Number of protein chains: 2
Amino acid sequence: MTKTARKSDVLELEHFLPYRLSHITAIVSAQLAERYAEPFDLSVPEWKVMAVLGRFPDLSANEVGEKTVMDKVTVSRAVTRLSEKSCVRRRLAKDDKRRSVLSLTSKGKAIHREIVPMVLHYERELMESLTVRERDTLSLLIEKLEKRTEMLAANYLLLPS
Amino acid sequence: MTKTARKSDVLELEHFLPYRLSHITAIVSAQLAERYAEPFDLSVPEWKVMAVLGRFPDLSANEVGEKTVMDKVTVSRAVTRLSEKSCVRRRLAKDDKRRSVLSLTSKGKAIHREIVPMVLHYERELMESLTVRERDTLSLLIEKLEKRTEMLAANYLLLPS
DNA sequence: GTATATTAGTTTCAATTGAAACTAATTGCA
DNA sequence: TGCAATTAGTTTCAATTGAAACTAATATAC
């Protein structure tokens with residue numbers, strides 16, 4: 001009998017992984033947003049777009065959507081707004097004029113450079129509750145879960161009944 | 001130099017805990033909702049309310065909000081809709097007529113009983129990627145992070161500048 | 001005891017969301 | 001080539017959201 005064992009037909013939310021993930025994530029996202037949203041007048045989708053473009057320049061809107069798990073409408077609007085604020089530049093791909101090539105402007109980069117240390121500081125504060133070894137373990141476990149969801153998605157699509 | 005080490009001013013999203021949590025949670029939540037939302041005509045907030053009431057009967061709307069990290073407006077509306085569908089009963093607390101006492105009706109319980117095995121099955125599929133020991137570790141790590149966010153919330157409120 | 005402050009929950013209203021329809025560009029293939 | 005199917009991204013519109021205002025009940029202060 002392990003800590004996580006339970007009767008098969010009782011949903012103990014406090015031990016149910018999707019519930020626990022959603023709980024800790026909602027709190028972490030809110031605490032993080034507290035630190036950048038108002039100060040920099042950025043919505044959560046806007047910051048997500050800037051964050052991925054800071055890390056991976058010249059993505060298409062689609063690719064941004066994949067990396068942030070946001071749908072294309074949300075991405076499109078965040079990019080429009082960021083472009084109005086001159087934080088993101090959208091060009092057209094040479095080889096395919098449907099596709100856009102998104103990148104941070106120098107203004108966007110400057111804001112990105114201001115926010116990054118703040119969010120890293122927050123992450124460091126959060127991680128202080130874990131040993132270095134635990135951090136690596138957590139990273140590994142999340143990776144395993146991610147791989148697993150990819151498999152499940154593939155399976156589920158094959159059996160849509 | 002550990003796996004998670006990095007330069008202090010570069011945001012490598014693929015190693016950034018809030019990003020990774022948000023990524024895996026979005027996918028898990030979506031895969032879970034796929035399994036109950038349409039089949040049972042339940043929105044995500046509605047299912048969350050039913051799930052906590054199945055586990056903790058006779059909560060107030062406020063308490064439901066705390067347990068699900070949903071704001072009171074969302075809870076209020078989910079409860080209204082569930083009540084219209086005769087899945088949840090709302091009574092008034094004897095000792096404080098502002099407070100409601102929420103519980104699943106027999107119909108609500110029946111639906112709950114149908115969904116629970118499905119979501120537990122999904123969780124089991126997800127967890128198959130981890131050893132029993134890893135499951136316990138993950139549980140412990142999430143708990144530590146939760147505790148930590150509580151501390152940070154308290155601190156941040158004290159220094160609102 | 002009455003007035004004020006606080007708390008639980010609902011309603012209103014404006015902003016955000018995402019599904020579906022759309023535009024424009026590209027690919028496939030007869 | 002040329003026409004149907006697909007793909008990238010945007011727009012439209014109806015549904016969902018949450019902040020702020022509100023109602024009703026309780027707690028606190030004087």
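Convention: sequence-line order gives letters A, B, ...; per-chain numbering from 1. These values consider heavy atoms only, across backbone and side chains, with no hydrogens, waters or symmetry-generated copies. Here the structure is a predicted model, which means the values were calculated and not measured.
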For the pair made of CD in B:E84 and C1' in C:dT10, what is the distance, rounded to whole Å?
13 Å
Identified side-chain contact (heavy atoms from CB on, under 4.5 Å) counterpart of A:P18 within the set B:V28, B:T25, B:V119:
B:V28
To the nearest angstrom, how far is A:D96 atom CG from D:dT6 atom P?
17 Å
Which part of the nucleic acid, if any, lies within contact of A:S43, taking any heavy atom under 4.0 Å across all strands shown: a base, the sugar-phosphate backbone alone, or nothing?
nothing
Figure out the CD/P separation between B:E38 and C:dA19, and round it to whole Å.
10 Å
Does a side-chain N or O of B:R81 approach OP1 or OP2 of C:dT10 to a distance below 4.0 Å, or not?
no
Look at B:N62 and C:dG9 and indicate whether a side-chain polar atom (N or O) is within less than 4.0 Å of OP1 or OP2.
yes
Between NZ of B:K94 and C1' of D:dA25 the distance, given in whole Å, is 17 Å
Mapping A:R99 and A:R77 to their closest nucleotides on DNA chain D, which lands nearer the 5' end?
A:R99
With hydrogens left out and only the distance checked, is there a donor-acceptor pair under 3.5 Å joining A:R98's side chain and the base of D:dT7?
yes
Quickly work out the A:D71 CG to D:dT16 P distance and round it to whole Å.
16 Å
Of A:A93 and A:K72, whose nearest nucleotide on DNA chain C comes first from the 5' end?
A:K72
Can you see if the side chain of B:S76 gets near the phosphate of C:dG9 - specifically, an N or O under 4.0 Å from OP1 or OP2?
no
A:E66 atom CD is separated from D:dG9 atom C1', nearest whole Å, by 14 Å
Given D:dG9, C:dG18, D:dA20, identify the nucleotide with an atom nearest to the side chain of B:V73.
D:dA20
Are any of the side-chain nitrogens in A:E14 or A:R20 under 4.0 Å away from the carboxylate oxygens of its partner?
no
Contact class for B:S100 (heavy atom, under 4.0 Å): base, sugar-phosphate, or nothing?
sugar-phosphate
Verify whether one side chain among B:R90 and B:S103 offers a donor that lies under 3.5 Å from an acceptor in the other.
no
Output yes when at least one side-chain N/O atom of A:T74 is less than 4.0 Å from OP1 or OP2 of C:dT17, else no.
no
What is the separation between atom NZ on A:K97 and atom P on D:dA8, rounded to the nearest whole Å?
17 Å
Can you measure B:R91 atom CZ to D:dA25 atom C1' for me and round it to whole angstrom units?
20 Å
So, the side chain of A:T74 versus the backbone of A:M70: is there a donor-acceptor pair under 3.5 Å, distance only?
no
Establish, from distance only, whether the side-chain atoms of A:S43 and A:R81 form a donor-acceptor pair under 3.5 Å.
no
